[in-house]
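Notes follow once the structure below has been shown.
In this text the structure is predicted, and so the values were computed from the model without any measurement.
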Amino acid sequence: MRWRSFVAVGDSFTEGLDDAYPDGSFRGWADLVATRLAAEAGPDFAYANLAIRGRTFPSVVAEQVPAALAMKPDLVSFAAGGNDVLRRSFDPDSLVSRFDEVVGRLRGGGADVVLFRFADVMARLPGQRLIAPRVALLNRAVGETAERHGAILVDLYADDTYLNPLLWSTDRLHLSPAGHRRVAGQVLTALGVGCDEEWLLVPPHPEPTPWLSARTADLRWAGQHLAPWITRRLTGRSSGDTRTAKRPTLTPLTPLTPPS
């Protein structure tokens with residue numbers, strides 16, 4: 001094992017929403033990857049997950065990147081920008097330039113860096129005409145940055161399995177437990193580390209939903225998830241305003257609950 005420490009940086013994707021431990025806290029793909037790496041590296045393997053839901057790219061860079069650099073890990077995962085593309089204030093030129101700068105800093109510290117091209121989450125959400133080109137721009141920049149700096153690229157966008165609704169939670173924006181397992185499997189594969197084969201199995205697509213049932217589900221989703229999200233945008237609040245990192249320090253990895 002070439003990695004003795006791993007720091008995960010980002011937003012809700014990396015924090016682990018909506019893959020719950022029995023106590024209600026979230027596990028997610030990063031915890032799964034850390035558990036597998038620790039099994040290979042032994043008891044001295046250390047892990048920190050600095051990701052916090054709702055964080056925009058500037059917040060991740062200002063709050064989490066300096067902390068990650070100070071820990072001097074062997075491996076860093078960096079996934080940010082997904083919240084930015086959903087906001088009216090999205091500035092593509094600034095984000096692309098800073099993305100390259102941040103990855104350069106992380107690589108300059110000696111760490112291997114894992115980057116992600118985001119899956120096509122907009123396939124099942126409103127606003128695709130506006131948001132999809134932004135996601136495509138961000139994904140293109142991620143790919144170019146990974147090549148330029150020798151980072152490890154995990155291309156979720158190229159995987160059509162993420163079009164399966166079973167890989168997404170009821171809010172249609174965050175991964176389900178099955179989705180997190182698949183991401184973990186792809187990260188470990190990119191790192192050259194084996195994983196449980198079941199994590200990469202393609203789940204069968206659910207049966208088509210009758211039109212009336214589908215529209216009822218859409219209305220329920222709009223009331224439970226879309227309306228609160230719009231309210232937070234209008235009031236300048238974020239789902240992570242009162243949150244702190246779930247694993248804020250680089251410490252030896254305690255046993256984590258395996259996926260069921």
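Between the side chains of His149 and Asp100, at least one donor-acceptor pair of N or O atoms lies under 3.5 Å. Between the side chains of Asn49 and Glu15, no donor-acceptor pair is found at a separation under 3.5 Å. Of the N and O atoms on the side chains of Thr161 and Arg182, at least one donor lies less than 3.5 Å from an acceptor on the other residue. There is a side-chain donor-acceptor pair under 3.5 Å between Ser12 and His174.
The two residues Pro252 and Pro43 make their nearest non-hydrogen contact at CB-O, 4.0 Å. Between Ala30 and Phe6, the shortest heavy-atom contact is O-CE2, 3.7 Å. Taking every heavy atom of both residues into account, Asn83 and Gly54 meet most closely at ND2-C, 3.4 Å. The two residues Arg55 and Arg243 have their closest heavy-atom pair at NH2-O, 3.9 Å. Across all non-hydrogen atoms, the minimal contact from Ala68 to Pro73 is O-CD, 3.2 Å.
In this structure, the separation between CZ on Arg53 and OG1 on Thr14 is 13.0 Å, given to the nearest 0.5 Å. To the nearest 0.5 Å, atoms CG (Leu191) and CZ (Arg36) are separated by 11.0 Å. In this structure, the separation between CG on Asp19 and OG on Ser176 is 8.0 Å, given to the nearest 0.5 Å. A distance of 12.0 Å separates CD1 in Ile152 from OG1 in Thr189, rounded to the nearest 0.5 Å. How far OG of Ser169 is from CG of Asp18: 4.0 Å, rounded to the nearest 0.5 Å.
Put simply, the residue from Asp84, Val85, Leu138 that forms a side-chain contact (heavy atoms from CB on, under 4.5 Å) with Phe57 is Asp84.
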Quiz item: Should Phe13 and Leu156 be marked as a side chain to side chain contact (heavy atoms under 4.5 Å, CB included) after you check the CA-CA gap, both sets of side-chain angles, and the distance that decides it?
Solution: CA-CA 12 Å; Phe13 167 72; Leu156 306 181; 3.9 Å; yes

Quiz item: Does the pair Leu32 and Trp199 meet the rule for a side chain to side chain contact (heavy atoms under 4.5 Å, CB included), with working shown?
Solution: CA-CA 10 Å; Leu32 295 173; Trp199 294 4; 4.0 Å; yes

Exercise. List the steps, then state whether side chain to side chain contact (heavy atoms under 4.5 Å, CB included) holds for Val9 with Val76.
Key: CA-CA 7 Å; Val9 172; Val76 177; 4.3 Å; yes

Quiz item: When you look at Asp11 and Ile52, which way does the side chain to side chain contact (heavy atoms under 4.5 Å, CB included) test go after all the steps?
Solution: CA-CA 5 Å; Asp11 51 29; Ile52 300 176; over 6 Å; no

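Side-chain contact between Trp168 and Leu175: present, with at least one pair of heavy atoms (C-beta onward) separated by less than 4.5 Å. Using a 4.5 Å cut-off on side-chain heavy atoms (C-beta onward), Arg105 and Val61 make contact. Using a 4.5 Å cut-off on side-chain heavy atoms (C-beta onward), Val154 and Val114 make contact. The side-chain heavy atoms of Cys195 and Arg181, taken from C-beta on, include no pair separated by under 4.5 Å. When side chains are defined from C-beta on, Leu75 counts as touching Leu37, because their heavy atoms get closer than 4.5 Å. With contacts defined as side-chain heavy-atom distances shorter than 4.5 Å, the pair Phe99/Leu115 qualifies. Contact check for Val193 versus Val33: no side-chain heavy atoms found under the 4.5 Å cut-off. Proximity of Tyr162 to Tyr157: side-chain heavy atoms (C-beta onward) are nowhere separated by under 4.5 Å.
At distances below 3.5 Å, not a single donor-acceptor pair connects side-chain atoms of Ser97 with backbone N or O atoms of Asp93. Remark: the backbone N or O of Gly28 is not paired with any side-chain donor or acceptor of His180 at under 3.5 angstrom.
Linking ILVMFWY residues whenever their side-chain heavy atoms come closer than 4.5 Å, directly or via other members, leaves Val96 and Val113 in distinct clusters. Leu153 and Val135 fall within the same hydrophobic cluster, where Ile, Leu, Val, Met, Phe, Trp and Tyr residues are linked whenever their side-chain heavy atoms come under 4.5 Å apart, directly or through other members.
Taking the six-membered ring wherever Trp is involved, the centroid distance between the rings of Tyr47 and Trp3 does not fall below 6.0 Å. Between Phe116 and Phe78, the distance from one ring center to the other does not fall under 6.0 angstrom.
Within the cation-pi definition used here (under 6.0 Å to the ring centroid, within 45° of the axis), Arg27 qualifies as a partner of Tyr21.
Not counting sequence neighbours, Arg134 has no partner by the salt bridge (charged side-chain N to carboxylate O under 4.0 Å, His left out) test. Under the rule for a salt bridge (charged side-chain N to carboxylate O under 4.0 Å, His left out), the partners of Arg2 that lie at least two apart in sequence or sit in another chain are Asp112. The salt bridge (charged side-chain N to carboxylate O under 4.0 Å, His left out) check on Glu144 picks up nothing, with sequence neighbours excluded. By the salt bridge (charged side-chain N to carboxylate O under 4.0 Å, His left out) test, Asp160 is found to be paired with no residue, residues two or more places apart in sequence or in another chain being considered. Residues satisfying the side chain to side chain contact (heavy atoms under 4.5 Å, CB included) test with Ala48, not counting sequence neighbours, are Val7, Leu50, Met71, Leu250.
Residue pairs meeting the salt bridge (charged side-chain N to carboxylate O under 4.0 Å, His left out) criterion with at least one partner in residues 66-77, sequence neighbours excluded, do not occur; the list is empty.
Atom CZ of Phe45 has more than 12 neighbouring heavy atoms from other residues, nucleotides or ligands inside a 6.0 Å radius.
Salt bridge status for Asp155 with Arg117: present, with a side-chain N to carboxylate O gap under 4.0 Å.
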